[in-house]
Protein chains: 2
Amino acid sequence: MTTTEANEVSSTNGQGFLKNIAIDAVVFGFHDNQLKVLLIEYKRTGLFALPGGFIRESEDLNVAAMRVVSERTGLEDIYLDQFYVFGDYGRFDPTPLKTIMTANGNKPPEEHWLLKRFISVGYYALVDFTKVSPSPAPIFDSCEWYDLNKMPVLIQDHTQIVHKALDALRTNLDRKLIGFNLLPEEFTLGELQRLYETILDKKLLRPAFQRKMLSLGILERIAKKWTGGAHKAPYLYRFKVQAL
Amino acid sequence: MTTTEANEVSSTNGQGFLKNIAIDAVVFGFHDNQLKVLLIEYKRTGLFALPGGFIRESEDLNVAAMRVVSERTGLEDIYLDQFYVFGDYGRFDPTPLKTIMTANGNKPPEEHWLLKRFISVGYYALVDFTKVSPSPAPIFDSCEWYDLNKMPVLIQDHTQIVHKALDALRTNLDRKLIGFNLLPEEFTLGELQRLYETILDKKLLRPAFQRKMLSLGILERIAKKWTGGAHKAPYLYRFKVQAL
DNA sequence: TTATTATTGTAACATAATGATACAATAATA
DNA sequence: TATTATTGTATCATTATGTTACAATAATAA
């Protein structure tokens, strides 16, 4: 979010944005054999939340989601999936947003648009951890990676949203072959297997995993080989874009 | 929708409902070995559309979807799945709604809330065709079943919504074991197979299909047998509710 | 009453997919 | 040059799925 947008969003009437609809993004990364999630912390409140945003009056929903994630990661062409719409009345809780706005010196009127009920479209994003530059907007304190297993308490129902995103990622992993989006362009089969094992939270058998992955015909073996370990060098692979 | 609700919705300001968000429901039924979809036709316009509705200010999104489908089918406890959110700006087209309102003697002002942009949460419903009593609301001309392959032209992007719902149904059929919701309580394996074949639009081998279904352990064989055909009577089965 | 007909339930085998073990190959280090 | 850790893949076992075959049988017709 640019400074202009932050001001737009902070204005009293929310003009220029659709009412009652928000986007929450669960941005997944993979590093040190662990799944990471991008979280923001609001200034002077100790409140943590998912990156989110609103939809401009003439903007496609999916474009708005891409914009939200681009703004926090500095990336473009991000893999994004809608996974669920969170629309329970019970999730409506203006308290944290009041706290956040008050902490920033804007005591909001009760009828401020940000304190109204929102239905939130949940997206998960899969990004190359090494390419991301997490960047907070002016009203945020920070925007950082957190271990999926060591997340702080999040506002509203954001913790549930993360877990539901993980469920969706797990069920889509084999069906849609999207895991590659979490890795650098070139990777070894070992790295790919450790990614799968981390996401699915279970050990996989190496020969079966390799046989399966290679038989899918979506991997391209690269001439170069891995260097670094005191052992046989694995081949590097690249995801065939034209395969899907 | 009751008469009161229809009036509520027709009022100029849309008070009591969330802005910019709607629900569209693809209600699937199965009859004569064909998939059916419930469509409504608006009075004096020849315009066809999916059943839809809006979310009350204090209503859960999923509850609202259930209400919308209940109102058209007369059923309760309906199997419902969110499958996609349709949020492209391009889908916003006030023309059909203007036509509908004008045909009913309410020439709407340009800023009427129903003529504003809506993002629509798509749900599909699976119902027992034999239990449904399609019932139009006062402002509708009809509410009827149509063959999936013989649908009239629908307003806005509703045709695409139906096709995307069918895609979602196909991918979920095996994963979530939801086909039973389209059949009466008691059914034969032959009927179940014809349902699968219709949804997936391909022939299945009978021995493999039966072996697979029975091995899932979700079917309960009933003592009674089918009567009617000049051939060996098939067993009747019932879906084990406790199985999921 | 008995043969015919259509369809069912399931056995039997063939093929394919997956699970599991084993081992030679080899890049860096000692 | 030997050691070490890890890779690539062959091999076999097990399970799942595809395919053919056939006896069983409820209604109808002879």
Side-chain angles (χ1 to χ4, degrees), chain A residues 30 32-33 170-171 173-177 179-180 183-184 186-240 243, chain B residues 30 32-33 170-171 173-177 179-180 183-184 186-240 243:
Chain A
F30 183 62
D32 284 342
N33 286 346
R170 281 178 180 157
T171 59
L173 192 58
D174 280 321
R175 226 163 44 75
K176 295 177 154 187
L177 300 173
F180 315 99
L183 293 175
E186 301 183 352
F187 50 86
T188 68
L189 285 180
E191 286 166 342
L192 186 61
Q193 183 177 344
R194 283 186 288 278
L195 170 64
Y196 269 66
E197 290 176 337
T198 306
I199 292 175
L200 302 174
D201 194 26
K202 69 174 179 190
K203 284 272 161 229
L204 301 174
L205 290 167
R206 193 169 53 89
F209 182 79
Q210 301 214 356
R211 182 174 49 196
K212 178 69 154 278
M213 281 298 150
L214 294 178
S215 74
L216 289 172
I218 55 172
L219 295 185
E220 198 169 26
R221 188 188 274 192
I222 299 169
K224 273 191 296 179
K225 291 193 181 182
W226 183 259
T227 54
H231 50 74
K232 181 173 179 179
Y235 288 102
L236 283 171
Y237 289 86
R238 175 193 298 145
F239 179 65
K240 279 191 204 169
Chain B
F30 183 63
D32 284 343
N33 286 344
R170 281 178 179 155
T171 58
L173 192 59
D174 279 322
R175 226 163 45 74
K176 293 179 156 187
L177 300 174
F180 315 98
L183 294 175
E186 301 183 352
F187 50 86
T188 68
L189 285 180
E191 287 166 343
L192 186 61
Q193 185 178 342
R194 284 186 288 278
L195 170 64
Y196 269 66
E197 289 177 339
T198 306
I199 293 175
L200 301 173
D201 194 26
K202 68 173 178 189
K203 284 273 161 229
L204 301 174
L205 290 167
R206 194 168 52 87
F209 181 79
Q210 301 215 356
R211 183 175 48 198
K212 177 67 153 279
M213 281 298 151
L214 295 177
S215 75
L216 291 172
I218 54 172
L219 295 184
E220 196 169 27
R221 186 187 275 192
I222 298 169
K224 274 191 296 179
K225 290 193 179 181
W226 183 260
T227 54
H231 48 74
K232 180 173 179 180
Y235 288 102
L236 283 171
Y237 289 85
R238 176 194 295 145
F239 179 63
K240 280 191 206 169

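Just so it is clear: chains get the letters A, B, ... in the order the sequence lines come, proteins before strands, and each one is counted from 1. Being a predicted model, the structure only gives us computed values, none of them experimental.
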Using whole Å, report how far OH of A:Tyr196 lies from P of C:dT18.
13 Å
So, does B:Lys232 get its side chain near the phosphate of C:dG9, meaning an N or O under 4.0 Å from OP1 or OP2?
no
What I'd like to find out is whether the side chain of B:Arg170 reaches to under 4.5 Å of the side chain of B:Asp201, using heavy atoms alone.
yes
Between D:dG8, D:dG18, C:dT8, which nucleotide has the shortest distance from any of its atoms to the side chain of B:Arg206?
C:dT8
For a quick check of understanding: with a heavy-atom distance under 4.0 Å over all strands, which category does B:Ala233 fall into, base, sugar-phosphate or nothing?
sugar-phosphate
For A:Pro234, which contact category applies under a 4.0 Å heavy-atom criterion: base, sugar-phosphate, or nothing?
sugar-phosphate
Whether A:Arg238 and A:Glu220 form a salt bridge (side-chain N of Lys/Arg under 4.0 Å from carboxylate O of Asp/Glu) is what I want to check.
yes
Which whole-number value in Å describes the distance from A:Leu204 CG to C:dA17 P?
19 Å
Atom CG of A:Leu205 and atom C1' of C:dT18: how far apart are they, to the nearest Å?
9 Å
Rounding to an integer number of Å, can you tell me how far B:Lys202 NZ sits from D:dT17 C1'?
12 Å
Does B:Pro207 or A:Arg211 map to a spot on DNA chain D nearer the 5' end, using the closest nucleotide for each?
A:Arg211
Between B:Met213 (CE) and C:dG9 (P), how many Å, whole number?
14 Å
